[in-house]
Each structure stands twice: as C-alpha cells, then as structure tokens.
Engineer: 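So that we are looking at the same thing, I have put the structure below in structure tokens.
Since this is a predicted model, take the numbers as computed values, not measurements. Quick note on labels: first sequence line is chain A, next is B, and so on, each numbered from 1.
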Protein chains: 2
Amino acid sequence: MTKSATPKIDTRTRMIQAAFDLFHQQGVNATSVDEILAKSGTGKSQFYHYFKSKEDLVHAVVESFGEMLKAQKLPLKYEIDSWADLEEWFGVFVNHQRRSGCSRGCPMATIAYELTGDDELIRQDINMICELSRKPLLKFFVTEQARGHLVDGADPEALTDFCYTIMQGGLILSKIQKDAAGFERSVEHAITYLKTLRKVSEIDR
Amino acid sequence: MTKSATPKIDTRTRMIQAAFDLFHQQGVNATSVDEILAKSGTGKSQFYHYFKSKEDLVHAVVESFGEMLKAQKLPLKYEIDSWADLEEWFGVFVNHQRRSGCSRGCPMATIAYELTGDDELIRQDINMICELSRKPLLKFFVTEQARGHLVDGADPEALTDFCYTIMQGGLILSKIQKDAAGFERSVEHAITYLKTLRKVSEIDR
DNA sequence: TAAATAATGTACTATATGGTACAATAAAAG
DNA sequence: CTTTTATTGTACCATATAGTACATTATTTA
C-alpha cells in the first residue's frame with residue numbers, strides 16, 4: 001500500500017520547504033502564499049489548516065530551520081575538533097556561495113533584515129537559530145581553552161563572535177559582489193589570525 | 001537656480017529621504033508608496049512625476065546614497081590616515097548600532113537582501129556603493145603599504161575585504177542579537193589582528 | 001459501524017497596492 | 001503678454017494578495 005520508495009512528505013512540511021526556498025531566494029514580503037502553494041503543490045485550505053496566517057508560517061519556517069540544525073540535516077560543519085575543522089567550517093560557507101553563484105545570503109539573515117525591525121518575536125526566534133549556529137564554534141574554543149591550547153586571555157565567546165561575524169559579513173559581501181573571492185580572502189585573514197591564538201606548543205599539532 | 005539659499009527641500013529629495021528611512025526600517029517590499037507619500041507630505045501625482053515606478057525610486061534611493069557618500073554627508077569616517085582612524089572607522093558603526101538600539105542594519109544590505117537576487121541592476125548599483133564605502137579603507141592600506149609600513153605580502157584589497165566583512169557581519173549580528181557587544185568584540189579581534197600586520201618598526205608609531 | 005476529527009477542493013471576499021487619467025495651477029521661456 | 005513646461009490635486013482603476021466560507025473526502029476513534 002505505502003510506496004516506501006516514495007515516502008510522501010507531509011503537506012505541512014512541503015509547504016514549509018517551499019516557503020523556505022522562496023523566502024531565501026526573494027524574501028518574505030516578495031513571496032505570496034499563492035506562490036508557496038503553487039511550488040508545494042498544495043491548496044489554500046490546507047495552508048490555513050496548518051497555519052493560522054502567513055506570519056505564522058514564517059515562524060514555522062524559522063522553527064523548522066532550528067530543528068534541521070539540531071538534527072544536523074543541513075550541509076554544515078557541526079563538529080569542530082581541530083583547527084582544520086574550523087577552516088572547513090568557514091570553507092563550507094565559501095564553497096556554498098561559489099557553487100550557488102552567490103545569489104543568496106544566509107536564509108535567516110534574509111528574514112531578519114526584512115522582519116526583525118518590527119517583529120520582536122521573529123527576532124527572538126532568529127536569535128535562537130543564531131545561537132544554535134554558534135554552538136560548534138563555541139564548543140571548540142571552550143574545549144581548546146580547557147585543554148590549555150589557547151593563549152592566555154582568549155575569550156571563547158569573543159572568538160565565536162568573530163567567526164560568526166566573518167561568516168555573516170562574507171555571505172552578504174559575496175552576494176553583493178556576486179563573487180566569493182572577497183569572502184574567501186576575509187576568511188583567510190580570519191584563519192591566520194585565529195591560529196596566532198594557539199599556545200606556541202600547539203602550533204605543530 | 002541656487003538651492004543653497006532655499007531652506008525648502010525639494011519634493012523629490014523629500015520623497016527619497018522618506019523612502020530611504022522606511023526602506024531602512026522595514027524593508028522595500030513592506031513599504032508602500034502611499035506610506036512614503038504620507039511621510040514626505042507629498043501626493044501621488046508628484047511621485048509619478050519624479051519617478052516612473054516604485055522600482056525606479058529604489059534605484060534613486062541607492063543612487064542618492066552614493067551621492068551622499070561621495071559628498072561625505074553621512075556620519076562616517078572618510079579619511080583613514082592612521083591605525084587610530086581605522087579603529088574609529090569601525091567605532092562609528094559600533095556606536096551607531098549602540099545608539100540606535102541595534103534595530104537596523106546596513107541600509108544597502110537591507111535592500112540587497114530583498115532585491116539583489118532578482119534584480120541584477122540594483123545589485124550593480126549596490127555593488128558600486130559597496131566599492132565607494134571600501135575606498136577609504138583601501139586607500140589607507142595602499143598608502144601604508146607604499147610607505148613600507150605593512151609586513152611583506154600584505155594585500156590591501158584583502159585587508160579591505162576583511163574590514164568590510166567584519167563591519168557587515170557585525171551589523172547583522174548586532175541587529176539579530178539586539179546588542180552591539182558581539183559586534184564590538186569582533187571588531188576588537190579584527191583590530192588586534194590588523195595591527196600585527198604593521199612592520200615591526202611601525203608598531204610604536 | 002457510526003461519530004468525530006483531520007485534511008483537502010472550490011469559490012469567494014475585502015482590501016491594499018501600484019499605477020493612471022486628467023484637470024488645475026505655478027513657473028519659465030519667448 | 002502668451003505659450004510652453006514643470007508641478008501638484010483629486011479621483012479613479014486593475015490587480016494581487018491575505019484570508020474566509022463551506023462543502024467534501026479521508027482518517028481515526030469509540
């Protein structure tokens with residue numbers, strides 16, 4: 001009976017996925033619910049069955065992104081156990097921009113830039129996502145510090161901020177420039193700097 | 001006719017200013033032309049007298065921002081002649097975020113995130129603005145290099161990218177976090193790093 | 001099986017929005 | 001002074017869009 005070959009994705013999820021893509025591509029306000037319905041192959045009654053409004057859907061999209069992050073379903077570097085891993089964490093973003101023609105930025109930043117000014121709830125949601133994304137970085141720097149691999153006075157939080165800032169800035173820069181070269185150069189400098197924060201005894205690790 | 005004597009700002013400019021503010025605050029697509037008219041105290045016939053469409057207005061807003069930059073009418077650091085000036089260049093952004101409650105990000109990035117994916121013309125406009133903004137940075141690093149004040153192999157372009165990336169990333173980060181602390185910490189790291197790129201003989205300058 | 005609940009299809013509505021038509025007035029040019 | 005040209009006011013239109021109403025068909029549950 002059930003076509004296990006085609007596990008039917010439930011309607012709600014399909015709508016969220018379609019919305020996510022469209023939001024990421026053209027923004028929230030430029031995306032109509034009809035467009036989302038067309039892309040997800042669903043109808044209006046289903047939409048308002050699962051979501052009480054478009055705003056509610058935006059919330060669901062952000063929440064869903066958080067779940068994806070937690071479940072490590074997104075093509076990101078989740079485990080940073082070495083400085084090489086840290087480089088790879090950056091590299092994933094740079095390569096993604098390159099492969100995708102730099103036409104998009106961070107999906108959450110897209111929503112943040114559009115809605116965060118007026119909608120404090122969405123801002124908090126996205127801030128949560130932001131913290132989730134920072135977790136692997138923070139964990140790495142905390143661990144390195146605990147192992148005595150960082151120079152004295154290094155603050156894991158601040159280092160995490162630094163990495164995240166470079167990543168976010170690089171995404172928007174490469175989108176504006178339609179070229180990931182500047183992003184990559186920034187990352188190279190960031191990495192160079194971060195490596196200077198290792199304890200001397202760790203440099204050859 | 002000379003405008004400098006006339007205190008009355010002309011209609012077109014008022015519309016552009018109102019649009020700029022609203023776009024910056026709530027985005028382009030969330031701003032209706034009626035809203036712009038209300039804020040600028042103008043009428044619809046005037047709008048379509050000066051602009052052929054809303055899209056045309058967006059273009060004018062970006063262009064106007066470029067003119068403001070060139071005329072140094074915006075509260076930014078335009079002349080970077082020392083490392084202290086470079087710190088101030090960052091500081092202006094951090095302080096602005098702090099004072100404004102971090103409710104907004106970069107006005108051009110706001111437009112970029114909304115429209116750049118679909119509208120290549122706007123992307124190019126904003127990319128121009130981006131280059132204008134980078135000019136003081138680039139000039140500084142080029143000059144420093146020419147004076148032999150930078151370590152060998154330092155690339156002014158790459159350093160400019162690095163600074164600009166931190167600035168853009170910091171703006172979005174502080175907007176999402178509604179707090180400029182992370183932005184500031186990132187900037188501190190960036191400055192620390194940049195100073196390591198001075199020739200040893202210049203460090204006490 | 002029967003009742004209740006979830007899910008979906010079709011048609012519709014109210015309104016906001018970008019844009020127009022066109023006349024009227026102010027200003028410049030000749 | 002007269003004729004253009006630039007500017008502004010009022011009224012309007014077509015359409016896109018978020019959201020409803022309501023009937024119908026699955027799917028559970030009792």
Engineer: Roughly, in whole Å, what's the span from CG in A:Leu37 to C1' in D:dG19?
Structural biologist: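 From A:Leu37 CG to D:dG19 C1': 12 Å.
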
Engineer: Of all residues at least two apart in sequence or in a different chain, which pass the side-chain contact (heavy atoms from CB on, under 4.5 Å) check with A:Ser45?
Structural biologist: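 A:Ser45 satisfies side-chain contact (heavy atoms from CB on, under 4.5 Å) with no residue once adjacent residues are dropped.
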
Engineer: Check the distance between D:dA26's P and A:Asp10's CG and give it to me in whole angstrom.
Structural biologist: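 Atom CG in A:Asp10 sits about 19 Å away from atom P in D:dA26.
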
Engineer: Among A:Tyr164, A:Phe162, A:Phe141, whose ring pair (Phe, Tyr, Trp, His ring centres under 6.0 Å) with B:His189 holds?
Structural biologist: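 Output: one option passes, namely A:Phe162.
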
Engineer: For the atom pair CG (A:Leu138) and CD1 (A:Ile80), what is the distance rounded to the nearest 0.5 Å?
Structural biologist: 10.0 Å

Engineer: Donor-acceptor pair, distance only, cut-off 3.5 Å: does the side chain of B:His24 make one with the backbone of B:Ile111?
Structural biologist: no

Engineer: Can you label the angle between the B:Trp89 ring and the B:Phe93 ring as parallel, tilted or perpendicular, going by 30° and 60°?
Structural biologist: perpendicular

Engineer: Checking the side chain of A:Gln145 only, and the main-chain atoms of A:Leu150 only, is there a donor and an acceptor separated by less than 3.5 Å?
Structural biologist: no

Engineer: List every contact pair, protein side and nucleotides 5-7 of chain C side both N or O, where the distance is under 3.5 Å.
Structural biologist:
from	atom 1	to	atom 2	distance (Å)
C:dA7	OP2	A:His49	NE2	2.8

Engineer: Output yes when B:Arg185 and B:Glu188 qualify as a salt bridge under the 4.0 Å nitrogen-oxygen rule, no when they do not.
Structural biologist: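 Looking at B:Arg185 and B:Glu188, the cut-off is not met.
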
Engineer: Would you confirm whether B:Lys175, through its side chain, and B:Ser103, through its main-chain N or O, come within 3.5 Å as a donor-acceptor pair?
Structural biologist: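 Present.
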
Engineer: Shorter than 3.5 Å, N or O on both sides, protein versus nucleotides 11-18 of chain C: list them out with atom names.
Structural biologist:
from	atom 1	to	atom 2	distance (Å)
C:dG18	OP1	B:Lys54	NZ	3.1
C:dG18	OP2	B:Val33	N	2.8
C:dG18	N7	B:Lys44	NZ	3.3

Engineer: Find the distance A:Lys52:NZ to D:dA18:P and express it as a whole number of Å.
Structural biologist: 15 Å

Engineer: Which donor-acceptor pairs under 3.5 Å do side chains of residues 122-129 of chain B form with protein atoms, sequence neighbours excluded?
Structural biologist:
from	atom 1	to	atom 2	distance (Å)
B:Arg123	NE	A:Ile176	O	2.8
B:Arg123	NH1	B:Glu120	OE1	3.1
B:Arg123	NH1	B:Glu120	OE2	2.5
B:Gln124	NE2	B:Glu120	OE2	2.9
B:Asp125	OD2	B:His59	NE2	3.0

Engineer: With sequence neighbours left out, write down each residue that passes salt bridge (Lys or Arg N to Asp or Glu O under 4.0 Å) with A:Glu87, or none if nothing qualifies.
Structural biologist: A:Lys195

Engineer: Please work out which residues in residues 18-25 of chain A have a non-hydrogen atom less than 4.0 Å from an atom of DNA chain D and list them by number.
Structural biologist: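 When residues 18-25 of chain A is checked for heavy atoms under 4.0 Å from DNA chain D, there are no hits whatsoever.
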
